[in-house]
Amino acid sequence: MKKNYYCLDMFPYPSGNGLHVGHWRGYVLSDVWSRYQMLHGYNILHPMGWDAFGLPAENYAIAQKKHPAISTAHNIENFKRQLKEINAVYDWDKEINTTDPKYYKWTQWIFLKMFEHGLAYEKEMPINWCPSCKTGLANEEVKDGQCDRCGTVATKKNVRQWMLKITEYAQRLLDDLSGLDWPEKVKKMQSDWIGKSFGAEIDFEVEGTDKKIKVFTTRPDTLYGSTFMVLAPEHELVSELATKEQLPEVEKYVFDASTKSAVNRMTEKDKTGVFLGSYAINPLNNEKLPIWISDYVLSDYGTGAIMCVPAHDERDFAFAKKFNLPIVPVISKDGNVVELEEAFTEEGIMVNSQSFNGMKSAEAKLKIPDYLEEHGIGKKTVNYKLRDWVFSRQRYWGEPIPIIHCSKCGIVGVPEEELPVELPDVTSYEPTGTGESPLAAIDEWVNTTCPKCGGPAKRETNTMPQWAGSSWYFLRYPNPNNDKELISKEDMKKWLPVDMYVGGIEHAVLHLLYARFYTKFLYDIGVVDFVEPFTRLFNQGMVTKNGAKMSKSKGNVVSPDELVKKYGCDALRIYELFIGPPELDSEWDDRGIEGVHRFLNKFKRLFENTNQKAQTKEVEKLCHKMIYDITTRMESFSLNTVVSGFMEYTNKLLDIQKSIGSIDKTTLKTLTILLAPLAPDTAKDIWVNLGQTSDIFEQEWPKYDLEKMKDDTAEIVVQISGKVSGKININLDEDEKSILDKAKKAIENKLLGKKILKEIYVKGRIVNIVAK
RNA sequence: GCGGAUAUGGCGAAAUAGGCAGACGCAGCAGACUCAAAAUCUGCCGAUGGUGACAUCGUAAGGGUUCGAGUCCCUUUAUCCGCACCA
């Protein structure tokens with residue numbers, strides 16, 4: 001029984017620009033790796049498909065004035081043609097397409113299951129909004145306050161949304177990272193994004209009312225130093241707590257904050273704010289704390305309200321300075337109270353804190369929450385930065401959300417047997433900008449009957465984000481045509497989870513976090529029996545040209561098509577590897593491929609004459625060394641040095657060929673198998689020419705024998721005080737004394753007049769004579 | 001601001017465990033073959049000085065550990081990436 005290996009590329013969205021040599025890099029890496037595993041006796045699943053729904057595809061279609069279905073089909077055709085040029089071992093019979101109703105039936109099915117389990121819910125709230133794409137965005141899709149897709153500055157808009165409770169999985173998403181064979185960088189980015197912090201929730205009573213303000217703080221030890229409170233402008237209590245006199249000013253501030261873009265809110269260093277006119281009570285010392293609002297407090301982190309301790313928080317300090325609020329230090333370095341020039345944020349000794357005075361602040365961090373808990377005014381808690389996933393898009397080109405709104409029964413899921421809810425054809429698919437998707441305009445589609453009561457009802461008109469289809473696609477490849485279940489138990493056990501996942505770093509938090517979330521949910525409902533989808537992850541570096549990422553707008557795109565025509569697929573494959581360490585960015589140089597092309601020709605020359613019968617000792621040794629080098633470099637994924645290793649050994653073998661006429665067939669067969677993962681075409685040709693009838697990928701990866709690699713003699717360097725002064729030839733089993741004698745003799749005239757202080761011999765490597 | 005990564009010839013880079021820095025390739029120079037070109041082959045190819053064998057310097061900068069440092073430690077700088085008013 002062969003073992004199974006699932007090697008997956010992040011599937012592309014088929015853009016109109018086609019593939020460039022940067023895309024090739026990841027695909028070549030994964031294919032070389034797949035073929036290498038084949039030669040180790042594995043069954044390989046190495047599939048390819050199309051992430052074809054979503055904004056880029058739709059924006060492209062709109063620009064081309066073509067229906068997205070048509071332009072997408074056209075782009076896929078072009079992509080497929082180009083991908084075939086790579087000559088990868090893709091399982092084309094397992095191809096998937098996220099826009100195929102047979103596929104998105106299951107995308108919708110998963111959503112329904114989440115809905116059933118209370119993980120998908122509807123909510124109207126201010127969310128990130130791209131005014132150019134005219135749709136809501138997930139937090140993960142906003143970079144530097146801009147739309148990740150088009151770069152337009154995102155605004156906030158109050159829209160009815162479908163949300164997914166990814167926050168319910170925050171702890172598991174964090175915990176399971178530790179077991180993954182992923183780049184540390186990606187793990188760190190994910191754990192930072194999840195952003196767990198420990199602290200306390202504390203209730204503050206509002207003077208003269210029965211209202212309470214709940215805050216989250218990571219510094220309960222500073223509670224005695226709290227001198228005011230700040231609410232986010234969006235906080236629900238703002239209008240209630242504002243006094244009559246202050247209300248007009250408060251309302252103006254709230255309105256201004258709502259129209260401010262995320263970028264402005266982020267880059268404005270100067271603190272702004274308005275006093276509400278009312279006061280809260282510090283539960284520990286009964287001090288009156290004026291309540292303010294300010295946009296430096298975020299509505300969607302913690303409770304949207306904070307207790308402010310200007311003495312020990314830089315932001316609160318700046319706010320207090322600006323609005324002349326008291327600054328009371330409660331922690332000091334040495335127990336003495338001094339006036340602060342700036343916030344003191346380190347740990348220290350408690351002061352001004354009644355019975356906690358003299359305690360270390362680290363200890364008070366635990367003791368104060370205990371005290372609060374005893375008196376029912378607070379509790380220890382953890383908090384996450386991760387927020388629920390804004391899942392609906394007000395666009396046409398996506399999976400319809402399988403939900404029906406009934407005036408009687410409320411929100412009802414489409415019955416499973418009615419899936420898929422097919423995306424209807426539509427005359428105008430351009431975004432409306434009203435907060436509704438173009439689907440809302442198709443009355444005959446929108447109007448339907450309620451599956452529960454049979455009465456008139458309306459379909460949900462929002463669509464899913466592009467991430468919906470890509471969050472689970474790796475589960476579908478083993479059985480893309482299974483119409484009974486998402487994946488059969490048998491196929492799941494055979495192939496999943498994915499053994500090796502290759503793709504760009506740009507999905508470090510987006511796709512990879514979502515896919516992990518989906519997998520955990522599917523585990524919870526018994527669809528899969530593993531909790532992490534991708535056992536090993538490899539991020540390939542970018543290919544740059546003129547120092548920049550290839551893009552049509554920069555005009556620095558290199559197409560693989562002509563290069564394949566001119567040099568052949570193998571030369572381009574090898575150059576993609578040779579260009580630099582796979583995980584680092586590398587600069588493209590058109591001339592570089594010439595060298596690889598020359599190498600391949602040289603390599604083939606080794607096979608021109610096969611008269612040599614026996615493997616000579618010299619060739620045998622070289623051959624084992626080569627197997628060793630290539631194998632260890634492969635294993636460590638150092639594919640650029642695999643190529644340079646091939647070049648070196650080819651040069652050496654050509655020299656030997658020159659002297660003895662030809663290289664023996666045993667060696668030549670070994671060489672061919674070693675080359676096969678990198679250059680399958682060339683290797684297959686040579687294999688046939690060597691008279692082999694079996695499939696080269698059915699062969700076994702050559703094994704090295706350390707004994708046969710051993711050298712008997714070596715030339716080593718002789719140094720005087722660390723400086724190279726001569727060289728000697730030694731037998732490796734020679735004893736240290738005779739080597740040292742030999743070494744001293746070799747450099748004796750340089751030692752004249754010097755006194756030898758120390759003699760060092762490192763076995764087989766170096767002699768160092770320390771002399772003065 | 002916080003966190004991470006990187007820094008080696010004209011260029012892409014290599015260097016097990018601290019042991020000849022620059023393998024391999026690109027570009028360049030010289031030569032062979034050729035009427036010529038292409039292709040191919042041979043040699044040179046870090047800097048400075050010297051006709052030369054050779055000498056000195058050299059892995060972002062400065063210090064340290066060591067017989068010996070691109071590699072380990074400390075400080076600094078530059079570039080790239082991520083996060084960014086996260087209480």
Side-chain angles (χ1 to χ4, degrees), chain A residues 143-145 183-186 188-190 192-193 195-197 199 215-220 222 226 229-230 232 265-271 294-298 300-309 312-316 318-319 383-387 505-506 508-509 542 547 574-575 578-581 583-596 598-599 601-602 605 628-629 632-633 636 638 640-651 654 658 715-727 757-771:
Chain A
K143 297 264 158 82
D144 294 331
E184 286 306 315
K185 180 182 176 160
V186 175
K188 178 136 199 331
M189 280 168 76
Q190 290 217 357
D192 284 354
W193 187 262
K196 185 179 186 178
S197 52
V215 305
F216 170 74
T217 179
T218 55
R219 295 294 306 275
T222 64
S226 179
M229 297 191 78
V230 177
R265 207 170 149 157
M266 251 162 40
T267 49
E268 261 174 19
K269 285 276 177 295
D270 228 23
K271 297 274 181 287
S294 171
D295 63 8
Y296 86 89
V297 175
L298 308 172
D300 51 4
Y301 180 77
T303 62
I306 59 170
M307 66 172 211
C308 296
V309 186
H312 305 294
D313 181 279
E314 284 167 24
R315 295 149 301 179
D316 297 347
F319 196 87
N383 206 0
Y384 300 91
K385 281 199 232 177
L386 184 70
R387 281 154 233 173
I505 185 78
E506 66 272 20
V509 265
M542 255 182 353
I574 294 177
Y575 183 57
F578 189 52
I579 189 167
E583 68 281 6
L584 299 184
D585 294 351
S586 298
E587 173 75 8
W588 184 264
D589 181 356
D590 272 329
R591 290 172 303 195
I593 194 174
E594 296 264 4
V596 171
R598 278 195 275 260
F599 154 69
N601 287 337
K602 274 188 185 176
R605 229 183 295 147
Y628 176 84
D629 279 346
T632 51
R633 290 171 192 189
S636 60
S638 175
N640 54 325
T641 59
V642 165
V643 176
S644 67
F646 261 107
M647 290 172 168
E648 262 182 274
Y649 283 104
T650 300
N651 290 342
L654 278 172
K658 218 179 273 172
E715 186 189 58
I716 64 166
V717 163
V718 181
Q719 298 181 332
I720 298 176
S721 304
K723 264 177 141 182
V724 178
S725 303
K727 285 176 188 184
L757 302 172
K758 203 172 178 184
E759 299 171 13
I760 296 152
Y761 169 58
V762 182
K763 194 163 191 303
R765 288 191 182 264
I766 206 160
V767 171
N768 192 10
I769 307 292
V770 186

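First the proteins, then the strands, lettered A, B, ... as listed; each starts at 1. What you see below is based on every heavy atom in this structure, not just the backbone, and it leaves out hydrogens, waters and symmetry mates.
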Colleague: With rounding to whole Å, what would you report as the distance between B/U71 and B/A61 at their P atoms?
Modeller: 11 Å
Colleague: If you measure from the P atom in B/G49 to the same atom in B/A27, how many Å do you get, rounded?
Modeller: 28 Å
Colleague: Describe the nucleic acid contact of A/Val717 in one word from base, sugar-phosphate, nothing, applying a heavy-atom distance below 4.0 Å.
Modeller: base
Colleague: Return the value, rounded to whole Å, for the distance between atom CD1 of A/Ile505 and atom P of B/C83.
Modeller: 11 Å
Colleague: Strictly below 4.0 Å: does A/Tyr296 bring a side-chain N or O up to OP1 or OP2 of B/A87?
Modeller: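 So the side chain of A/Tyr296 is outside the cut-off, no N or O lying under 4.0 Å from OP1 or OP2 of B/A87.
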Colleague: Measuring from A/Tyr301:OH to A/Asn383:CG, what's the distance to the nearest 0.5 Å?
Modeller: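 With rounding to 0.5 Å, OH (A/Tyr301) is 4.0 Å from CG (A/Asn383).
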Colleague: When rounded to the nearest Å, what value does the distance between P atoms of B/G62 and B/A69 take?
Modeller: 15 Å
Colleague: Would you kindly give the CE-to-P distance between A/Met189 and B/A5, to the nearest whole Å?
Modeller: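 My rounded result for the distance is 14 Å.
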Colleague: Under 4.0 angstrom, heavy atoms only, what part of the nucleic acid is A/Thr632 near: base, sugar-phosphate, or nothing?
Modeller: nothing
Colleague: Mind checking the P distance from B/A13 to B/U8? Whole angstroms is fine.
Modeller: 9 Å
Colleague: Can you check the A/Ile720 CD1 to B/U56 C1' distance for me, whole Å?
Modeller: 16 Å
Colleague: Using O4'-C1'-N9-C4 for purines and O4'-C1'-N1-C2 for pyrimidines, with syn meaning within 90° of 0, is B/G28 syn or anti?
Modeller: anti
Colleague: Not counting sequence neighbours, which residues clear side chain to side chain contact (heavy atoms under 4.5 Å, CB included) with A/Lys602? List them please.
Modeller: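 For A/Lys602 the side chain to side chain contact (heavy atoms under 4.5 Å, CB included) partners, ignoring immediate neighbours, are A/Arg605, A/Thr650, A/Asn651, A/Leu654.
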Colleague: Just how far is it from atom CG of A/Asn768 to atom CD of A/Glu759, taken to the nearest 0.5 Å?
Modeller: 10.5 Å
Colleague: Which is true for A/Lys188 with a 4.0 Å heavy-atom rule: it touches a base, it touches only sugar-phosphate, or it touches nothing?
Modeller: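 It contacts sugar-phosphate atoms only.
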Colleague: For a quick check of understanding: with a heavy-atom distance under 4.0 Å over all strands, which category does A/Lys723 fall into, base, sugar-phosphate or nothing?
Modeller: sugar-phosphate
Colleague: Hey, which sits more toward the 5' end of RNA chain B by its nearest nucleotide, A/Gly580 or A/Ile766?
Modeller: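 Residue closer to the 5' terminus by nearest nucleotide: A/Gly580.
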Colleague: Take atom CD of A/Glu759 and atom P of B/C67, then tell me their distance rounded to the nearest Å.
Modeller: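 Spelled out: CD on A/Glu759 to P on B/C67 is 15 Å.
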Colleague: In terms of the nearest nucleotide of RNA chain B, which residue is placed more toward the 5' end: A/Ile760 or A/Trp193?
Modeller: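 In this pair, the answer is A/Ile760.
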Colleague: Output yes when at least one side-chain N/O atom of A/Arg605 is less than 4.0 Å from OP1 or OP2 of B/A39, else no.
Modeller: no
Colleague: When the P atoms of B/A38 and B/C11 are considered, how many whole Å apart are they?
Modeller: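 That atom pair is separated by 26 Å.
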Colleague: My understanding is that only residues two or more places apart in sequence, or in another chain, count here; which of them pass side chain to side chain contact (heavy atoms under 4.5 Å, CB included) with A/Val717?
Modeller: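 Partners of A/Val717 under the side chain to side chain contact (heavy atoms under 4.5 Å, CB included) test: A/Gln719, A/Val724, A/Lys727, A/Ile766.
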Colleague: Can you give the dot-bracket line for RNA chain B, where a pair is Watson-Crick or G-U wobble with both atom distances under 3.5 Å, crossing pairs use [ ], and | marks a partner on another strand?
Modeller: (((((((..(((......[....))).(((((.......))))).((((....))))..(((((..]....))))))))))))....
Colleague: Using the P atoms only, state how far B/A60 lies from B/G12, rounded to an integer number of Å.
Modeller: 14 Å
Colleague: Any side-chain N or O of A/Lys758 under 4.0 Å from OP1/OP2 of B/C67?
Modeller: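 Checking A/Lys758 against B/C67: at least one side-chain N or O falls below 4.0 Å of OP1 or OP2.
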Colleague: In whole Å, what is the span from the CD1 atom of A/Ile579 to the P atom of B/A14?
Modeller: 12 Å
Colleague: Touch check for A/Asn640, heavy atoms < 4.0 angstrom, all strands: base, sugar-phosphate only, or nothing?
Modeller: sugar-phosphate
Colleague: I need the CZ-C1' distance between A/Arg219 and B/A87, as an integer number of Å.
Modeller: 10 Å
Colleague: Using a 4.0 Å heavy-atom cut-off across all strands, classify A/Gln719 as base, sugar-phosphate, or nothing.
Modeller: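 Base, at least one base atom sits under 4.0 Å.
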Colleague: Can you measure A/Leu584 atom CG to B/G4 atom P for me and round it to whole angstrom units?
Modeller: 18 Å
Colleague: Need one value for A/Lys143: base, sugar-phosphate or nothing, where a base atom within 4.0 Å counts as base even if backbone is also close, heavy atoms only.
Modeller: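 Sugar-phosphate contact only.
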Colleague: Can you find a pair of side-chain heavy atoms, one from A/Met189 and one from A/Pro183, that are under 4.5 Å apart?
Modeller: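 Heavy-atom side-chain distance check fails, nothing below 4.5 Å.
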Colleague: Which pair of non-hydrogen atoms, one from A/Ser586 and one from A/Pro581, has the smallest distance, and what is that distance?
Modeller: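 So the two residues come closest at OG-O, 4.5 Å.
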Colleague: Can you list everything that forms a ring pair (Phe, Tyr, Trp, His ring centres under 6.0 Å) with A/Tyr575? Sequence neighbours excluded, please.
Modeller: A/Trp588
Colleague: Which heavy atom of A/Val509 sits nearest a heavy atom of A/Gln190, and at what distance?
Modeller: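 Result for this residue pair: CG1-CA, 4.0 Å.
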Colleague: Under the 6.0 Å and 45° cation-pi test, does A/Lys271 pair with A/Phe319?
Modeller: no
Colleague: Suppose you measure atom P in B/A78 against the same atom in B/C72; what distance do you get, rounded to whole Å?
Modeller: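 22 Å, rounded to whole Å.
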Colleague: Return the set of residues passing side chain to side chain contact (heavy atoms under 4.5 Å, CB included) with A/Leu757 (not counting sequence neighbours), or none when no residue passes.
Modeller: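 Only A/Val770, A/Lys772 meet the side chain to side chain contact (heavy atoms under 4.5 Å, CB included) criterion with A/Leu757.
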Colleague: Suppose you measure atom P in B/U6 against the same atom in B/U56; what distance do you get, rounded to whole Å?
Modeller: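 So the two P atoms sit 34 Å from each other.
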Colleague: Reading nucleotides 23-28 of chain B 5' to 3', which nucleotides get B (base under 4.0 Å from a protein heavy atom), which S (sugar-phosphate only), which -?
Modeller: BBSSS-
Colleague: Taking any heavy-atom pair under 4.0 Å as a contact, classify A/Lys658: base, sugar-phosphate, or nothing.
Modeller: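 Sugar-phosphate, backbone atoms only, no base.
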Colleague: Does any part of the side chain of A/Ile306, heavy atoms only, come nearer than 4.5 Å to the side chain of A/Asp316, both counted from C-beta?
Modeller: yes
Colleague: For residues A/Tyr649 and A/Asp629, determine if any side-chain heavy atom of one lies less than 4.5 Å from a side-chain heavy atom of the other.
Modeller: yes
Colleague: Between the base of B/C85 and the side chain of A/Lys271, is there a donor-acceptor distance below 3.5 Å?
Modeller: yes
Colleague: What integer distance in Å separates A/Lys185:NZ from B/C2:P?
Modeller: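 Rounded to the whole Å, the gap is 19 Å.
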